[in-house]
Amino acid sequence: MPKIYNTLAREKQVFTPIVAGKVSMYVCGMTVYDYCHLGHARVMVVFDMVSRWLRASGYDVTYVRNITDIDDKIIKRANENNETIGQLTQRFIQAMDEDSAKLGVIRPDIEPKATEFIDGMLSMITALIEKGFAYPAQGKDGHGDVFYAVNSFEGYGKLSGKSLEDLRAGERVEVDSHKKDAMDFVLWKAAKPNEPSWDSPWGKGRPGWHIECSAMSEHHLGHQFDIHGGGQDLQFPHHENEIAQSEAAHSHDGKTCQMVNYWMHNGFVRVDDEKMSKSLGNFFTIRTVLEKYDAEVVRFFILRAHYRSPLNYSDQHLDDAKLALTRLYTALRGLSVDDDIAIDWQQSQAASFKAAMDDDFNTPEAFAVLFDLANEVNKTKSAETAALVKRLGRTGRLVAA
RNA sequence: GGCGCGAUAGCAAAGCGGUUAUGCCGCGGCCUGCAAAGCCGUUUAGACCAGUUCGACUCUGGUUCGCGCCUCCA
């Protein structure tokens, strides 16, 4: 049985799916207004590894990763480029697909786009208003925004460990007179002139960011599902707000039902010990890095660190990864046989590998087993051992060989 | 300010209350006509201060430093 570090519980827990043998997993994907950088690569590769390992463990996995194709930055960028939003997002979705394919990432089973789920969002917002969790903008000049009333949801803060009191004490929250509470967040934004918009009971507008994931996960995975993943920076406010929206919208007679059983958050990619991000401008796009390094080296670089640890990017580290990976391949050179037969998990190293992967996807430990096996191959020239390396490596696509 | 995470050898990165992590680099051998690859051996650890314990890198408390979230962010 795999163990997963559950952000909600702040500890590793034995993974027990809602339906035996099946896993429903939702991961927050990209906002498509630019090329993906290494931080995005990490999310794609990590959850690809997670879904592959769960499948290799016998689970029937349904993996959903959304595409955010409407938001402020997309609108802004499309205007700057003098192209339509559709043209812009189409271009970058294609670029994302190319990048992820090179990194050996299997396409998620379902990749819903926000703009295709406006109806679902509207009905969820309506339900939230009816149940008293949301309200149209306050004041006489209320301009068609709809807000979520954060203090109406009892569990607000349970994922991020923040209390409303502490959050309000922070001075960084934007004041908006149309809100009842400074911490309330927008579910629906009134359209400004020359912005794309959809009709709604509150006038023309477009969705807030958080509601899309609530609507799309509900549609594809239901009111309750097994795993929800994403980058650490989404823990608050995005995922906290998803919980508030979904659990409130799905409540019956004031009783809420848990939205997600296991929350997984991957660590950041850093540059010089700082988070790689667009706003800091210290990012490297996947395609830039792939000009210099093989995709498999990049994938190895990502997976040789534990998914929750910070990962420092530098050429030196990529060079190191390249050499290490070469050792693995050199050992396998010319010794390929029988790599299609099933793995005997009783076998000692296979068991160690499985134990590592089942321990919250400990890929560094799993790689150590692979390197031990490579050493054995070098000594014995055993084709059987070489085949085992290949078969094990393939389970989470730790190596492609 | 609030909340949280981390500190492991030259670099990177894991597990573990007592037994070689692993990879790269360095050093010494072996092998080879030379090299490459490989094999064997080997030098560098656990920020600091206390405590618990027969024994702590591993548990507890404190200190220092670094990072993240609290605003868009993977």
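Values reported hereafter were calculated over all heavy atoms of this structure, with side chains retained and with hydrogens, waters and symmetry mates removed. Just so we're on the same page: letters track the sequence lines, and every chain starts at 1.
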- Note on the structure: pair_partner(B/A74), Watson-Crick or wobble, both distances < 3.5 Å, evaluates to none
- Message: Over all strands shown, is A/Ala324 touching base, sugar-phosphate only, or nothing at heavy-atom distances under 4.0 angstrom?
- Response: sugar-phosphate
- Task: Mind calculating the distance between CG (A/Asp360) and C1' (B/G15) to the nearest angstrom?
- Result: 13 Å
- Query: Nearest to the side chain of A/Leu234, which nucleotide is it out of B/C67, B/G23, B/A74?
  - Reply: B/A74
- Protein-nucleotide distance (A/His228, atom NE2; B/A74, atom P), rounded to Å: 13 Å
- Task: Taking atom C1' in both B/A13 and B/C57, compute the distance separating them and give it to the nearest angstrom.
- Result: 15 Å
- Might you confirm whether atom CD of A/Glu80 has over 12 heavy atoms from other residues, nucleotides or ligands at distances under 6.0 Å? yes
- Task: Answer with base, sugar-phosphate or nothing: what part of the nucleic acid does A/Ser309 contact at a heavy-atom distance below 4.0 Å?
- Result: sugar-phosphate
- Query: Checking all strands, does A/Asn362 fall into the base, sugar-phosphate, or nothing category for heavy-atom contacts under 4.0 angstrom?
  - Reply: sugar-phosphate
- Atom P, compared across B/U20 and B/C11: separation rounded to whole Å: 24 Å
- Task: Any strand is fair game: report the nucleotide pairing with B/C59 by Watson-Crick or G-U wobble, both distances under 3.5 Å, or none.
- Result: B/G51
- Can you tell which of B/C67, B/C24, B/U22 lies closest to the side chain of A/Asp273? B/C67
- Task: Ignoring hydrogens and angles, answer whether the base of B/G23 and the side-chain atoms of A/Asp320 contain a donor-acceptor pair closer than 3.5 Å.
- Result: yes
- Salt-bridge test for A/Asp72 and A/Lys76: reply yes if a basic N is under 4.0 Å from a carboxylate O, no otherwise. no
- Among B/G23, B/A14, B/A74, the one nearest any side-chain atom of A/Phe371 is B/G23
- Result for 5'-nearest mapping on RNA chain B, choosing between A/Asn312 and A/Arg10, is A/Arg10
- Message: In whole Å, measure the gap between the P atoms of B/A47 and B/A9 for me.
- Response: 8 Å
- Message: Does B/A13 have its OP1 or OP2 closer than 4.0 Å to a side-chain nitrogen or oxygen of A/Arg304?
- Response: no
- Item | Whole-Å gap separating P (B/A37) and CG (A/Leu328) | 16 Å
- Query: Out of B/G38, B/A37, B/C70, which has the shortest distance to the side chain of A/Pro237?
  - Reply: B/C70
- Counterpart base for B/G46, defined by Watson-Crick or G-U wobble contacts under 3.5 Å: none
- Using 4.0 Å as the upper bound for N to carboxylate O, is an ion pair formed by A/Asp48 and A/Arg397? no
- Query: Heavy atoms under 4.0 Å, any strand shown: does A/Arg308 hit a base, just sugar-phosphate, or nothing?
  - Reply: nothing
- Query: Is there a Watson-Crick or G-U wobble partner for B/G15 with both distances under 3.5 Å, and if so, which one is it?
  - Reply: none
- Query: Which one, B/A13, B/G2, B/G68, comes nearest to the side chain of A/Ala305?
  - Reply: B/A13
- Message: Closer than 4.0 angstrom, basic N to acidic O: yes or no for A/Asp294 and A/Arg299?
- Response: no
- Once you apply the 3.5 Å cut-off to both distances, tell me the Watson-Crick or G-U wobble partner of B/U32, or none. none
- Query: Counting any heavy atom closer than 4.0 Å, what does A/Val269 reach on the DNA or RNA strands: base, sugar-phosphate only, or nothing?
  - Reply: base
- Message: It should be established whether A/Lys278 places a side-chain nitrogen or oxygen under 4.0 Å from OP1 or OP2 of nucleotide B/A74.
- Response: no
- Item | Nearest-angstrom distance from the residue atom CZ of A/Phe268 to C1' of B/A74 | 8 Å
- Rounding to a whole Å, what distance do you find between A/Asp372:CG and B/A13:P? 19 Å
- Message: Using the side chain to side chain donor-acceptor pair (under 3.5 Å) definition, which of the options A/Arg206, A/Lys189, A/Lys204 pairs with A/Glu195?
- Response: A/Arg206
- Pairing partner of B/C27 (Watson-Crick or G-U wobble, both distances under 3.5 Å): B/G41
- Message: Taking the P atom in each of B/A37 and B/C69, what is the distance between them to the nearest angstrom?
- Response: 42 Å
- Report which part of the nucleic acid A/Gly267 touches: base, sugar-phosphate, or nothing (heavy-atom distance under 4.0 Å, all strands). base
- Establish, for the pair A/Lys180 and A/Tyr135, whether the NZ or CZ atom is under 6.0 angstrom from the six-membered ring centre and no further than 45 degrees off its axis. yes
- Reckon A/Arg327 has a side-chain N or O less than 4.0 Å from the OP1 or OP2 of B/C25? no
- Tell me what A/Met276 touches on the nucleic acid: a base, only sugar-phosphate, or nothing, going by heavy atoms under 4.0 Å. base
- Could you measure between the two C1' atoms, the one in B/G61 and the one in B/C25, and give it in whole Å? 39 Å
- Distance check: side-chain N/O of A/Asn266 vs OP1/OP2 of B/A74, anything under 4.0 Å? no
- Query: Can you find a donor-acceptor N/O pair under 3.5 angstrom joining the side chain of A/Lys322 to the base of B/C24?
  - Reply: no
- Task: On RNA chain B, check which nucleotide each of A/Asp359 and A/His37 is closest to and give me the residue with the more 5' one.
- Result: A/Asp359
- Item | Salt bridge present between A/Lys102 and A/Asp99 (N-O < 4.0 angstrom) | no
- Query: Can a donor-acceptor pair be found between the side chains of A/Thr288 and A/Thr285 at a distance below 3.5 Å?
  - Reply: yes
- Taking the six-membered ring of A/Tyr59 as reference, does the NZ or CZ atom of A/Lys22 fall below 6.0 Å from its centre and within a 45° cone about the axis? no
- Query: Taking the C1' atom of each, how far is B/G38 from B/A45, in whole Å?
  - Reply: 28 Å
- Query: For the side chain of A/Lys73 and the base of B/C72, is some donor closer than 3.5 Å to an acceptor across the two?
  - Reply: yes
- Answer with base, sugar-phosphate or nothing: what part of the nucleic acid does A/Gly230 contact at a heavy-atom distance below 4.0 Å? sugar-phosphate
- Query: Across the strands shown, which category fits A/Asn375 at heavy-atom distances under 4.0 angstrom: base, sugar-phosphate, nothing?
  - Reply: sugar-phosphate
- Note on the structure: A/Phe236 CZ to B/G68 P, in whole Å, measures 18 Å
- Pairing partner (Watson-Crick or G-U wobble, both distances under 3.5 angstrom) of B/U64: B/A7
- Query: Using the C1' atom in both, what is the distance from B/G46 to B/G33, to the nearest Å?
  - Reply: 46 Å
- Nucleotide of B/G2, B/U22, B/A74 approaching A/Ala368 most closely (side-chain heavy atoms): B/U22
- Which part of the nucleic acid, if any, lies within reach of A/Lys379 when heavy atoms closer than 4.0 Å are counted: base, sugar-phosphate only, or nothing? sugar-phosphate
- Where the side chain of A/Glu365 is concerned, which of B/A21, B/U22, B/A37 is the nearest nucleotide? B/A21
